[in-house]
2 protein chains.
Amino acid sequence: MPQKVTIATVARQAGVSRQTVSNVLNAPHIVREETRQRVQEAITTLGYRTNQAARQMRTGRSRLIAVRIEPTRDGINGAVLDQFLHGLSETAGTAGYRVLLYTAADDEQEIREYDDLLGAYELDAFVLTSTTRGDPRTAWLADRGVPFVTFGRPWDDPAAHPWVDVDGADGTAQATRRLLATGHRRIGFVGWPTGSGVGDDRRLGWYHTLRAAGLDPTDLDRHTEDGIPQGEQVTRELLTAPAPPTALLCASDSLALGALQAVRAADPTIPVIGFDDTPVAAAVGLTSVRQPLREAAVRCVELLTGLLDGTPRPNPSQVLLKPHLVLRQTA
Amino acid sequence: MPQKVTIATVARQAGVSRQTVSNVLNAPHIVREETRQRVQEAITTLGYRTNQAARQMRTGRSRLIAVRIEPTRDGINGAVLDQFLHGLSETAGTAGYRVLLYTAADDEQEIREYDDLLGAYELDAFVLTSTTRGDPRTAWLADRGVPFVTFGRPWDDPAAHPWVDVDGADGTAQATRRLLATGHRRIGFVGWPTGSGVGDDRRLGWYHTLRAAGLDPTDLDRHTEDGIPQGEQVTRELLTAPAPPTALLCASDSLALGALQAVRAADPTIPVIGFDDTPVAAAVGLTSVRQPLREAAVRCVELLTGLLDGTPRPNPSQVLLKPHLVLRQTA
DNA sequence: TTGTATGCGTTATCAC
DNA sequence: GTGATAACGCATACAA
């Protein structure tokens, strides 16, 4: 068991004062090259590591980033968060930060967690996911000047704060173009009820692409809550309508899975495309739109470190990433 | 912006010394009830929170638990870790601990992370997942007396360290009994190659149950790497053998999904049961064995706090949980 | 029971 | 360019 090695140990070993060691670590440029090297050597031979707690006490910064881990909803989308978290943790690590997890059942509880995390651990920043219109959490954080980034746009005001998001409209546009290219003209959309920023965005990509192609898809637009049975139900209705679609685009893999079941019962040749490219999609051969989750995580960290370290922030503070279509058997 | 409220602020407000406040927090029993109440009141009205960094500096303990987030393998099993993480974070929170994430590509890198985490952040404990035979990580931690718990048994020596695990053999036994009860006698097993503790365990539950029923299933046992195509391939072989099985049990949902495809092509009435009850299983209606992940997480935290706080440790330090069969369309 | 003094490892301020 | 000194907020040994 090696003795605890502090800055004093290093100083003694290198024959300098503690402050000089500190300078080597925090402001290398103001220290003479020769001295710097000697200190560096001592640091590595002794295996010195700066004690975060002590540093934090002095600087008031913990080098910790908090992110909420959600209670796996319908399970299908759980893997999305998983990949994002992994990317976040890895990228943060290389930037000298660590990721702390927290849980909360609702917004109010989450805000109480912010308070606690900030008060007790002096967290440096937060990463929020699943943002909604008029999100109380972003307001709370902004009020207090706490640095944060959201994965998901603030739909009410795009410039409200730094964010990273994936261009859902572009994703559905890609999917729609693919279906158009394979000869389809009546392309249905199974989406969420109006009002959710994400859902509206995805619907718009489909709508605008068809309009631009001179088509009016209004009668092929459907709204339902997320879920496999819901997707199946709505699709069945769509397929038994007077003028049914010849292809389907869905706002999520869950809906697409349901659609797939309805389609198989009616006409298995009808293509179906989902959204999110969850493991389930890969497993059943569902063509789907994939979000660049890893890159999203990387950009979140970039934005955050920009805010925290004052490094020339990667302007702009809003990052919109393009998804891409993963072709499989169903389209 | 409220001024920083320290133990001194509270002491002044309550008209006592700082020490008394500290006592109220760390040893309430030695303080007079009346005083205690007055101090408590001051604490709540001021919104005092003990500064973790300062406490850590003094006690050498961070109240932080580290857990590795893995790079979503084939994706299907990602949701498993997800649920476990959520449970872990939540339970740890109520016990006054927080969960810190870290990543590592291999064992060697992971051990280097331990070193760093311990040196810089003075982590209190680790939760390891995906343990293997002769795991170098557990050896490293044990050597240094670092508290840790594994989710997964140490297959070489069950008493080596505290662990929580799910009884895989019991899971496959339940599944096998179910198939026996519905009249099947030739029940095939699609499992992993021999040598992995988890895989062998799951196979054994199937084998022993059939033996106990007076059957010899040796010719229906297959070994292959995990994956959907592998499952399909092996199942196809199994079904075209001279005496094919009338039902199938698989070591994972991935394998089961592959098996399902082979079965559908041959004889759709053949039941298939998977393992892990991943979201994919729920989506496609696959009967599967579910692990109590939430409870596993809770028990991990219990074991850990027992180690850390010296609370009467929930003897024994080894916890084996029972999974249960989730019946769906495929069996 | 309560108060006083001290140190944990760092960094910031200021002399040298 | 380098070194001494103070302070961050808390917990503990010890004295009152």
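In what follows, every heavy atom counts, from backbone to side chain, and hydrogens, waters and symmetry copies are set aside. To find a chain, count down the sequence lines: A is the first, B the second, and so on, and within it residues start at 1.
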Ranking D/dG9, D/dA11, C/dG9 by distance to the side chain of A/A54, first place goes to C/dG9
Between CG of B/N23 and P of C/dG3 the distance, given in whole Å, is 10 Å
Among side-chain atoms of A/Y102 and A/E110, is any donor-acceptor pair under 3.5 angstrom? yes
Regarding the side chain of B/R58, the nearest nucleotide among C/dC8, C/dT2, D/dG3 is C/dC8
**Message:** Does A/R49 reach a base, just sugar-phosphate, or nothing at all? Heavy atoms under 4.0 Å.
**Reply:** sugar-phosphate
Next item on the list: Would you state whether a donor and an acceptor, one from the side chain of B/Q19 and one from the base of D/dA11, lie under 3.5 Å apart?
Entry: no
When rounded to whole Å, the CD to C1' distance for the pair A/Q56 and C/dC8 reads 14 Å
side-chain hydrogen bond (donor to acceptor under 3.5 Å, both in side chains) between A/Q109 and A/E113: does it pass, once the steps are laid out?
-> CA-CA 6 Å; A/Q109 207 182 96; A/E113 278 292 89; over 6 Å; no
Taken to the nearest whole Å, CZ/A/R12 to P/D/dT2 is 20 Å
Atom CD1 of A/I7 and atom P of D/dA7 are separated, to the nearest Å, by 19 Å
Item to complete: Test for a donor-acceptor pair under 3.5 Å between the base of C/dT10 and the side chain of A/R55, counting only N and O atoms.
Response: no
Checking C/dT2, C/dT11, D/dG1 against the side chain of A/R18 (C-beta onward), the nearest is C/dT11
Open item on the list: Heavy atoms only, 4.0 Å cut-off, all strands: where does B/S22 land among base, sugar-phosphate and nothing?
Closed with: base
Against the side chain of B/T35, the closest entry in C/dT10, C/dT2, C/dC8 is C/dT2
Ranking C/dG9, D/dG1, C/dT2 by distance to the side chain of A/R32, first place goes to D/dG1
Check your understanding: Has the side chain of B/R49 got a donor or acceptor atom that lies under 3.5 Å from a matching backbone atom of A/Y121?
Key -> no
Side-chain donor-acceptor pair present, B/N51, A/E122, cut-off under 3.5 Å:
yes
- Query: Does B/Y48 make a side-chain N or O approach to OP1 or OP2 of D/dC10 shorter than 4.0 Å?
  - Reply: yes
In whole angstroms, the gap separating P of C/dT6 from CE of B/M57 amounts to 17 Å
Problem set entry | Donor + acceptor pair across side chains of B/S130, B/E70 (<3.5 Å) | yes
Rounded to whole Å, the CG-P distance (B/N51 to D/dA7) equals 18 Å
From CD1 of B/I30 across to C1' of D/dA13 the rounded distance in Å is 12 Å
| message | Using OP1 and OP2 only, check whether a side-chain N or O of A/S17 sits under 4.0 Å from D/dG3. | response | yes
To the nearest angstrom, the CD-P distance between B/Q52 and D/dC10 comes to 10 Å
